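To keep things clear, I will list the structure first and then write my remarks on it.
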Amino acid sequence: MSVTVVVGSQWGDEGKGKIVDILGERFDIVARYQGGANAGHTIEVGDKKFIFHLIPAGILREDITCVIGNGVVIDPNALLEEINLIESNGINISNRLFISHNAHLIMPYHKLLDNIRESGKNKIGTTGRGIGPCYNDKYARKGIRIADLLDKKILEEKIRTNLKEKNNILKKVYNVEELNVEEIIDEYLAFDAKIDKYITDTASYLNNAINENKSILLEGAQGTLLDVDHGTYPYVTSSNPTAGGASTGTGIPPTKIDSVVGIVKAYTTRVGLGPFPTEMLDEEGEELRKWGAEFGATTGRPRRCGWYDAFLVNYSRMINGIERAAITKLDVLSNFDKIKVCTGYKLDGKALKHFPTDKSKLERVEPVYEILPGWKTDITNIKNFNELPANAKNYLSFISEKSGFEISLISVGPKRSQTIEL
Ligand code: GDP
Ligand code: IMO
Ligand code: MG
């Protein structure tokens, strides 16, 4: 029996999809615990590329059961699209996908409100997938849950009550056209007919599986610095991508979680707004984006790029309890003569002891860099750690020491085969 959490250590897009696909081979179950279709987890197998938004990245391996936990917010259209994509690739999902009855549903008004709010001056740079407004309703105790789909009367009543309030807001606050309640009811009833068979009490399912000695991989979405509690608030998502969220988002008790693997990109990226101390706003930053193909898997937006920030990842290690890390996209750094690593921040000339998540401080910090020599060699076909150039090994041992974890896996390209396990 083992329960392992895979967590993004930076601002998301660390390569969680690829690593979950690799590690998943050793697990019976892969479960998502938070977020929604704001996530975009890429897996490349052979000449095929899959991007999953809601369904766990374990789905490509047919002996794995996939679970969408109670902490996830589900957009019916995104889910159905993904089920179709998987089935049209000849992958069987019947009896191997379970959706929590307690997960909340993203409604059309959530997406609309997300986009309207993003057009105002307090923009976050969200993915526009309705995530914030949906979690808003969840915590305000008026959300609509997957289980509500199972009772037509309750579903209709909840949609009517919610829409009355939302239409008022749409009309009176934002001056936009109201939504039609009957259309939404019909759409969600049709959705119910298609997903009924996947709905279950996933917390009981997962706990029974643990009792039967099955192993479970918990797949985080987003990243630590996007966590609503521990991230760079308010420029965060509305859930807990950190390891603690894996427990509340699935119903697996913290005492049953054995380990936390941090997914760590060999440099830093961020999509959307918010402070980013090591951001490269120069030509080298442009090159990093180009070499790393840093464009959003969900929205296609160019990702902001910067040097590796060991001070930030060390904070992430502390919050998540990361002991082992998978380093991704090391190959992208092969193009640089010199590589910078941020080892700490100064604020008003003084070195900071702790990572500041506070926006006003983080916007003013001065990163302290060490410069390491590059290796300028193609490493995308290397299969053994020993074959890596000395400067690449040196880089890895430097970031591992400064970030406080051991490295258990190194990714040198997007494909399954481009992986070095230690
Ligand atoms: P996730 O959201 O954490 O799953 O990451 P994304 O899928 O959004 O972004 C990671 C991108 O990098 C995807 O396009 C992956 O195919 C790609 N990728 C993953 N690992 C590597 C790697 O080691 N090297 C390179 N060059 N690309 C990688
Ligand atoms: P994966 O799982 C990177 C960012 C958005 C925005 C902020 C809030 O692929 O790593 P939201 O739509 O969640 O309300 O947006 O969070 N964001 C991500 N950035 N990777 C993701 O997911 C993200 N999901 C949300 O860009 O800054
Ligand atoms: Mg992504």
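Source: prediction; values computed, not measured. First listed ligand is number 1; within each ligand, the first listed atom is number 1.
The shortest side-chain heavy-atom distance between Asn89 and Lys48 falls under the 4.5 Å cut-off. Residues Pro275 and Arg270 are in side-chain contact: their nearest non-hydrogen atoms beyond the backbone lie under 4.5 Å apart. Counting only heavy atoms from C-beta outward, the side chains of Leu60 and Ile43 approach each other to under 4.5 Å.
The nearest pair of heavy atoms linking Trp375 to Ile339 is CZ3-CD1, 3.5 Å.
In this structure, Phe50 and Phe52 have parallel ring planes: the angle between them is below the 30° cut-off, well short of the 60° mark. Classified by interplanar angle (parallel below 30°, tilted 30° to 60°, perpendicular above 60°), the ring pair Tyr308/Tyr395 is perpendicular.
Interface of Ala297 with ligand 1, defined as ligand atoms under 4.0 Å from a residue heavy atom, comprises 8 (O). For ligand 1 and His41, the ligand atoms under 4.0 Å from any heavy atom of the residue are 1 (P), 2 (O), 4 (O), 7 (O). Proximity to Gly272 (heavy-atom distance under 4.0 Å) selects the following atoms of ligand 2: 27 (O). Contact atoms of ligand 1 toward Gly17: 4 (O) (distance under 4.0 Å to a heavy atom of the residue). Numbered from 1 in the order shown, with element, the atoms of ligand 1 that lie under 4.0 Å from a heavy atom of Gly413 read 20 (N), 21 (C), 22 (C), 23 (O), 24 (N), 25 (C). Residue-ligand proximity, Trp11 to ligand 2, at heavy-atom distances under 4.0 Å covers atoms 3 (C), 19 (N). Close contacts between ligand 1 and Lys18 involve ligand atoms 20 (N) [criterion: under 4.0 Å to a heavy atom]. Of all atoms in ligand 2, listed by their number and element, those nearer than 4.0 Å to a heavy atom of Gly125 are 5 (C), 6 (C), 26 (O), 27 (O). Of all the atoms in ligand 1, the ones that sit under 4.0 Å from a non-hydrogen atom of Ser411 are 20 (N), 21 (C), 22 (C), 23 (O). Against a heavy-atom cut-off of under 4.0 Å, Ala39 is close to the following atoms of ligand 2: 1 (P), 2 (O), 9 (O), 22 (O). Near Ala221, the atoms of ligand 2 lying under 4.0 angstrom from a non-hydrogen atom of the residue are 2 (O). Atoms of ligand 2 lying under 4.0 Å from at least one heavy atom of Leu226, given by number and element, are 4 (C), 16 (O), 17 (N), 18 (C), 19 (N). Close contacts between ligand 2 and Val236 involve ligand atoms 7 (C), 8 (C) [criterion: under 4.0 Å to a heavy atom].
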Kindly determine whether Glu219 and Arg32 satisfy salt bridge (Lys or Arg N to Asp or Glu O under 4.0 Å), including the steps that lead there.
CA-CA 5 Å; Glu219 173 184 350; Arg32 275 275 306 268; 5.2 Å; no
Chi angles and distances behind the side chain to side chain contact (heavy atoms under 4.5 Å, CB included) call for Thr298, Arg129:
CA-CA 10 Å; Thr298 295; Arg129 299 298 190 265; 3.2 Å; yes
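Taking only nitrogen or oxygen atoms, main chain and side chain alike, Lys49 does not reach within less than 3.5 Å of ligand 1. Taking distance alone, with nitrogen or oxygen atoms compared against 3.5 Å, Lys16 approaches ligand 2 more closely than that limit. Some N or O of Thr237 is nearer than 3.5 Å to an N or O of ligand 2, by distance alone. Remark: ligand 1 and Arg303 share an N or O pair separated by less than 3.5 Å (distance only, no angle test). Checking only distances, Thr42 does come within under 3.5 Å of ligand 1, N or O to N or O. Taking only nitrogen or oxygen atoms, main chain and side chain alike, Val332 does not reach within less than 3.5 Å of ligand 1. When only interatomic distances are considered, the shortest N/O to N/O separation between Gly40 and ligand 1 falls below 3.5 Å. Where the criterion is an N or O separation shorter than 3.5 Å, residue side chain and backbone included, Thr126 fails it with respect to ligand 2. At a 3.5 angstrom cut-off on N or O pairs, Gly15 counts as close to ligand 1.
Thr380 and Asp331 form no side-chain donor-acceptor contact under 3.5 Å, judged by distance and modelled atom types alone. There is a side-chain donor-acceptor pair under 3.5 Å between Thr4 and Ser259.
Residues Glu421 and Arg26 are paired through a salt bridge, judged by an N-O separation under 4.0 Å between the basic side chain and the carboxylate. A salt bridge links Glu279 with Arg304: at least one charged nitrogen is closer than 4.0 Å to a carboxylate oxygen. Here Glu177 does not pair with Lys171 in a salt bridge; the nearest charged N to carboxylate O distance is not below 4.0 Å. Between Asp63 and Arg96, no side-chain nitrogen of the basic residue sits less than 4.0 Å from a carboxylate oxygen of the acidic one, so the salt-bridge criterion is not met. Residues Glu294 and Arg303 are paired through a salt bridge, judged by an N-O separation under 4.0 Å between the basic side chain and the carboxylate. A salt bridge is absent between Lys16 and Asp21: the closest approach of a Lys/Arg side-chain nitrogen to an acidic carboxylate oxygen does not fall below 4.0 angstrom.
Remark: at the Mg ion (ligand 3), atom OD1 from Asp13 and atom O from Gly40 enclose 170°, rounded to the nearest 10 degrees.
Distances shorter than 4.0 angstrom do not occur between any heavy atom of Arg129 and any atom of ligand 2. Heavy atoms of Arg301 approach ligand 2 to within less than 4.0 angstrom. Residue Asp114 places no heavy atom under 4.0 Å from ligand 2. For the pair Gly223 and ligand 2, no heavy-atom separation below 4.0 Å is found.
No close placement of the Trp291 and Tyr267 rings is indicated, their centers lying 6.0 Å or farther apart. Checked against the 6.0 Å centroid criterion, the rings of Phe311 and Tyr345 qualify as a close aromatic pair.
Residue Arg270 does not touch ligand 2, judged by heavy-atom distances below 4.0 Å. Residue contacts with ligand 1 for Lys265 are absent, since no atom lies close enough (heavy atoms, distance under 4.0 Å). Neither the backbone nor the side chain of Ile43 has any atom closer than 4.0 Å to an atom of ligand 1 (non-hydrogen atoms only). Contacts between Pro414 and ligand 1 below 4.0 angstrom, taking non-hydrogen atoms only, involve backbone and side chain alike.
Residue, atom and distance of the protein heavy atom nearest to atom 27 (N) of ligand 1 are Lys329 CE, 3.4 Å. Counting protein heavy atoms only, atom 1 (P) of ligand 1 is closest to Lys16 N, 3.5 Å. Nearest protein heavy-atom neighbour of atom 26 (N) of ligand 1: Asp331 OD2, 2.8 Å.
If you check each of Gln222, Glu14, Glu219 against atom 25 (C) of ligand 2, the one with the closest non-hydrogen atom is Gln222. When Ser238, Gly220, Gly40, Gly130 are checked for heavy-atom proximity to atom 9 (O) of ligand 2, Gly40 turns out nearest.
Between Asp137 and the choices Lys166, Lys158, Arg145, the salt bridge (charged side-chain N to carboxylate O under 4.0 Å, His left out) rule is met once, by Lys166.
For CD of Glu363, the number of neighbouring non-hydrogen atoms (other residues, nucleotides, ligands) closer than 6.0 Å is greater than 12.
Using a cut-off of 2.8 Å, one finds that Ala221 contributes no N/O/S atom close to the Mg ion (ligand 3).
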